[in-house]
Each structure stands twice: as structure tokens, then as C-alpha cells.
Protein chains: 2
Amino acid sequence: MSHEYEFPRAALTVDCVVFGLDDEDLKVLLIERDLPPFEGRWALPGGFVRLDETLDDAARRELCEETGLERVYLEQLYTFGDLDRDPRERVVTVAYYALVRLSDHRVQAATDARQAAWFAIDDLPRLAFDHERILAMAHERLRGKVRYQPIGFELLPPKFALRQLQHLYEVILDRPLDKRNFRKKILAMDILVELDEVETDVAHRAARLYRFDKTKYRRLTKQGFNFEI
Amino acid sequence: MSHEYEFPRAALTVDCVVFGLDDEDLKVLLIERDLPPFEGRWALPGGFVRLDETLDDAARRELCEETGLERVYLEQLYTFGDLDRDPRERVVTVAYYALVRLSDHRVQAATDARQAAWFAIDDLPRLAFDHERILAMAHERLRGKVRYQPIGFELLPPKFALRQLQHLYEVILDRPLDKRNFRKKILAMDILVELDEVETDVAHRAARLYRFDKTKYRRLTKQGFNFEI
DNA sequence: ATCATTAGTGTAGTTACAACACGAAGGGAG
DNA sequence: CTCCCTTCGTGTTGTAACTACACTAATGAT
């Protein structure tokens, strides 16, 4: 079945920059393309938007199809519409970025992808299309956003030690933070709940675990509270 | 001539939220639609993206065609792709916001528009499509952005008094600012040049005029300087 | 028992911020 | 010319927030 229009139309796609965090680095999820163009190259997961789904839905669907990830934090980033982004024809892509807990999710390649894999953000392969530009913008946005909104929790397990949280900020902001000042500040925000649990399986003194309290956070947000780190 | 595709495609448009500032209010430029759907309703200027122009180019072209505005500050806002935005068919729109000096630009209606007019931001008519939502997001973005980036100068004439600048911040942030503190802060940023001129045609003591120094601003930006108000 | 590693805590100096009032300049009205 | 009205332009002080910084306690590994 074919579809006719009076004027030519651009193809519309979504692409996702998926960030994850492990004990060392900030990582990004890429897929190896199994189809031309750029067959064999690494690229951001993504694909065509269908007419019966919103842009957000399309992003979630493609992410699930190509990497198996579901229920992640997802936010629109920017729309890229340069004329020569895709060698085949005019393609406009709505880019998203996602934050996932690496521990939670097992990643698997699927549709249109030979494999999916995590790459450290400062050790990336060459990417297909203009995906390097998209990824750079996503990284910048994450750095900017994490400073005044506590979205970083999306990258941590539900229960975490303050050291892990500090490490997250240090990795994303790419600068060291003072332990005592960091603790003071983050605890003063009153968005963490101290749990009656400590870390296990660590070869040293175990740290107290905390969880992020979304309810408190939302209440404070409404009061115009400032979460700057 | 008609165009055929294997899969159905959404139509792609751009819409612009144009902000202007006069002596009282923050204003928005709207056009009265001359065609269905929503004929006779006020709407954001915008239209279809052609295949031989980037999204930014499309936004500038539509803005010029429908309102006569050229060479304005323009920045992508967000892309809206809900299923029922347009009663005719699936239309995805890339929204932009623009800042213009009201004094500089004479506005005139043109293509597809009966007329173009400025509306105070808190005295708006009902709008076509989901344009109220787009406008609300643009307003929020402007408020957020003006606090840490000196984009507000785009709304002022090239030479301005500090009172005008303060008034701009007060209107956008919707709260009064202390005159002395404001002056101290903005002058300490070292992005303004004091001119050897004063206001004319005012019925009271004339204020010293300043201009924004883009070069200084860019130099400081590279040094990671903070422009928070 | 000792060692290695990380947890957890307080203070003092410095800087940034908010609050606040008045004399001087200049145009307009009489 | 004088008076009046409006806006310009300027400093200080108390308070809150930020930075820099070092040691003891806990725990697992050897």
C-alpha cells in the first residue's frame, strides 16, 4: 500500500541517547546497525515515527525494540533537521535522552541491530549520521540539568549510599566535590530518606543507604525550592 | 504533482512564539488565521517545512512571510507531536521562540493571515490548535533562560538605560528587583559598555545609556562564567 | 592482631546576598 | 525664575551560604 501527498514530506524519526552509570563511568547505549546506510556502524537507537503514536511513544517503542529497555526516564532533547543528515532522503529526527539504572536492566539487541552495547562517554566509536552531534548535545543537557534538578537518581539503584550519589555528580559534572560539603547540601535539601540498611558485600566499612523521596521532592518543587548542587 | 511513499507520513510544520517588550508588558505576536481550520482564530505564526530548507530556515521564512519580521533572535523550543493536534491529519510541529525589539520592527500581516498583532502575555485570546500549550512552554523557557543567560538584550534597543533592563527582568521574572542590587550585579558581570550618551525626550533626569558587549560576553562564557540574576 | 579502606563528622574564614534611603539632576508648570 | 515632580545614581550592614580542610570510627581482608 502506498500513500500520496500533494507536497513532498520529510521522513520523521526518533533517536534516543541512553545514559547509564556504573562504578567508573558515565556510559551510553549504542547499537550496531544491521542495515544500510551506515551498515556495521554504531548509532543511537531509534527509528521511524508511526502515525498512530506520539513522539514519546515512538521513542519508547524504538528503545524497547532495539535494546529491550522499558520504563526508563525519558525526555525530549532537540529536533535535528539538517538537509543532509541522511544520505537517502530528507529525514528529521526528534532526539530524546534517557536515564537508566545499569544494574536494573539487561540489554539485548533486537530489530535492525546486530548488537547493543554500552560505551564510556569519553571512549566512543565513530557514529552513523549526525549522531555524534546529538550525543554531544545530550551530554551537555544532562550536565546542565543535573545541576539544578535531581534527575540523577534515575541513574542509581533505588537504595544507594551517599558516596554513589556523589560519584554520580562527579562523573557527570566532571569535577571533584568535597565530601562533607556535598553531604551537607544534599541532606539539607530534604529529599532523601535515610534507611535502616547499610551496604553489603563491600570490603570496608559499610555505608548507610538512602532512597530518593519523590513526594517530598515534588512538594518542594511546588514551593519554588532550589536544588542546585 | 503528487508524492508517494511506502508508509504514511506526518506533515511537518514550524510555529514561532515571538516575544516583544514595550514600556509596560511582555507581548506576544499572533496572527489571525485566514484559512480553515480555526479560520478567524488567533494563532502562532508558522507553516509547513519545505524539503529544501532546514527547520531554522523554515521558521525564519514563515515568520517573515506572515509577519514581516527578519533577523530576529530565534531558538528551538520543543517539538509537539500529539495525535490530535490538528483536526485534518497528523501534524508534528517544531516550535521556536523568538525575541524582537518592538521598537525596531514594524509588523505587517501577509500570507495566510488576515492580520498580525501584539498581545500582552497575560491578556491573550483563545488560540488555535494546541498553541496555548506551546505558548505557555515558551514563556516558561524564557523565564528560565533569562535568569542565567543574558538573552534579554535581544528585546531592548541597542542603546538602553539600566532602568529599561531592570524593567525587562521584572516583567519576565514577574517580581520586583532592588534597583541598587540589580545595578551592582549587572555591572559586575562586565558585559555592558557605558556610553557617552544619555536618554533624550524624557520628562525627568536623563539616564546614562549602555550597550551590551557581545564580545565580552562570549569571552566570559568560555571561561565558564555565571550570569545568574 | 594488624592493615587497608571507606564512613562519617564540625569549624572558621570568606564571599555573596538582601534590605534599605536620600541628595542631585533635569524638565514642566506657573 | 522658582517650585515641583520624577527619576537618576550611589554604600553600608547584617545575614546566609559557600569553601576549604583532617581526623576518628568501623569493618573486612590477611
Side-chain angles (χ1 to χ4, degrees), chain A residues 21-24 146-148 150 156-157 159-171 173-211 220 223-229, chain B residues 21-24 146-148 150 156-157 159-171 173-211 220 223-229:
Chain A
L21 187 77
D22 68 10
D23 290 335
E24 295 110 50
V146 86
R147 289 191 53 238
Y148 62 92
L156 293 179
K159 301 173 181 182
F160 52 84
L162 291 186
R163 165 183 39 83
Q164 292 175 281
L165 185 60
Q166 182 178 342
H167 174 245
L168 180 157
Y169 277 95
E170 290 180 330
V171 164
L173 299 177
D174 199 27
R175 65 183 163 100
L177 300 173
D178 179 82
K179 181 163 68 157
R180 279 177 288 192
N181 293 338
F182 178 79
R183 285 169 165 255
K184 254 181 292 179
K185 211 169 202 173
I186 203 85
L187 291 175
M189 284 182 193
D190 195 31
I191 52 176
L192 296 188
V193 180
E194 185 175 332
L195 302 174
D196 277 333
E197 290 177 68
V198 293
E199 289 180 296
T200 52
D201 304 321
V202 286
H204 52 76
R205 178 175 173 184
R208 171 64 42 100
L209 294 179
Y210 291 80
R211 68 174 177 78
L220 291 169
Q223 294 168 23
F225 202 80
N226 190 351
F227 297 96
E228 194 161 329
I229 289 288
Chain B
L21 187 77
D22 68 10
D23 289 335
E24 296 110 52
V146 86
R147 289 192 53 238
Y148 61 92
L156 293 180
K159 301 172 181 182
F160 52 84
L162 292 186
R163 164 184 39 83
Q164 292 175 281
L165 186 59
Q166 181 179 344
H167 174 246
L168 179 156
Y169 277 95
E170 290 179 331
V171 165
L173 299 178
D174 198 28
R175 65 185 161 98
L177 299 173
D178 179 81
K179 182 162 68 157
R180 279 175 288 193
N181 294 337
F182 178 80
R183 287 170 162 252
K184 255 180 291 178
K185 210 170 203 173
I186 203 85
L187 291 175
M189 284 182 192
D190 195 32
I191 52 175
L192 296 187
V193 180
E194 185 175 332
L195 301 174
D196 277 334
E197 290 178 68
V198 293
E199 289 179 297
T200 51
D201 305 321
V202 285
H204 51 78
R205 178 174 173 185
R208 170 64 41 102
L209 294 179
Y210 291 80
R211 68 172 176 80
L220 292 169
Q223 294 168 24
F225 202 81
N226 191 351
F227 296 97
E228 194 160 328
I229 289 288

Revision key, fill the gap. Residues A:Ala161 and A:Leu209: closest non-hydrogen pair is N-CD2, 3.7 Å
Check your understanding: Nearest-Å distance, CZ (B:Arg163) to P (D:dT10)?
Key -> 15 Å
Point to revise | Minimum heavy-atom distance B:Gln166-B:Leu177, with the two atoms named | key: NE2-O, 2.8 Å
Point to revise | Closest contact, heavy atoms only, A:Arg205 versus A:Val202 | key: O-CG2, 4.4 Å
Review point. Of A:Asn181 and B:Leu162, whose closest DNA chain D nucleotide lies nearer the 5' terminus?
Key: B:Leu162
**Study point:** Base-contact (B) and sugar-phosphate-only (S) positions in nucleotides 23-30 of chain D, heavy-atom cut-off under 4.0 Å, - elsewhere
**Key:** --BBBSS-
Practice item. Mind calculating the distance between CD (A:Glu228) and P (D:dA16) to the nearest angstrom? Key: 20 Å
Practice item. Look at the side chain of B:Arg208 against the base of D:dC8 and say whether a donor-acceptor pair falls under 3.5 Å; ignore hydrogens and angles. Key: no
Revision key, fill the gap. When every non-hydrogen atom of B:Ala206 is compared with those of B:Glu199, the smallest separation belongs to CB-O, 3.3 Å
Review point. Got a second to check how far B:Lys185's NZ is from B:Asp178's CG, nearest 0.5 Å?
Key: 10.5 Å
**Study point:** Qualifying residue, where the test is side chain to side chain contact (heavy atoms under 4.5 Å, CB included) with A:Met189 and the options are A:Leu192, A:Leu187, A:Ile186
**Key:** A:Ile186
Review point. Hey, are the side chains of A:Leu165 and A:Leu156 touching, using non-hydrogen atoms and a 4.5 Å cut-off?
Key: yes
Exercise for review: Return the minimal non-hydrogen interatomic distance between A:Arg147 and A:Leu173, and the atom names on each side.
Suggested key: CG-CD2, 3.4 Å
Revision key, fill the gap. note: B:Phe182, atom CZ; D:dG11, atom C1'; distance rounded to Å ~ 19 Å
Point to revise | Interface limits on DNA chain C, where chain A has a heavy atom under 4.0 Å of a nucleotide atom | key: C:dT5 to C:dT11
Revision key, fill the gap. All heavy atoms of B:Leu195 vs all of B:Arg208, minimum pair found to be O-CD, 3.0 Å
Check your understanding: Going from CG on B:Leu21 to CD on B:Gln164, what distance comes out if it is rounded to the nearest 0.5 angstrom?
Key -> 9.0 Å
**Study point:** Residue-level proximity of residues 183-197 of chain B to DNA chain D when a heavy atom falls under 4.0 Å
**Key:** B:Arg183, B:Lys184
Exercise for review: Determine whether A:Leu168 and A:Phe160 make a side-chain contact, defined as any pair of heavy atoms from C-beta on separated by less than 4.5 Å.
Suggested key: no
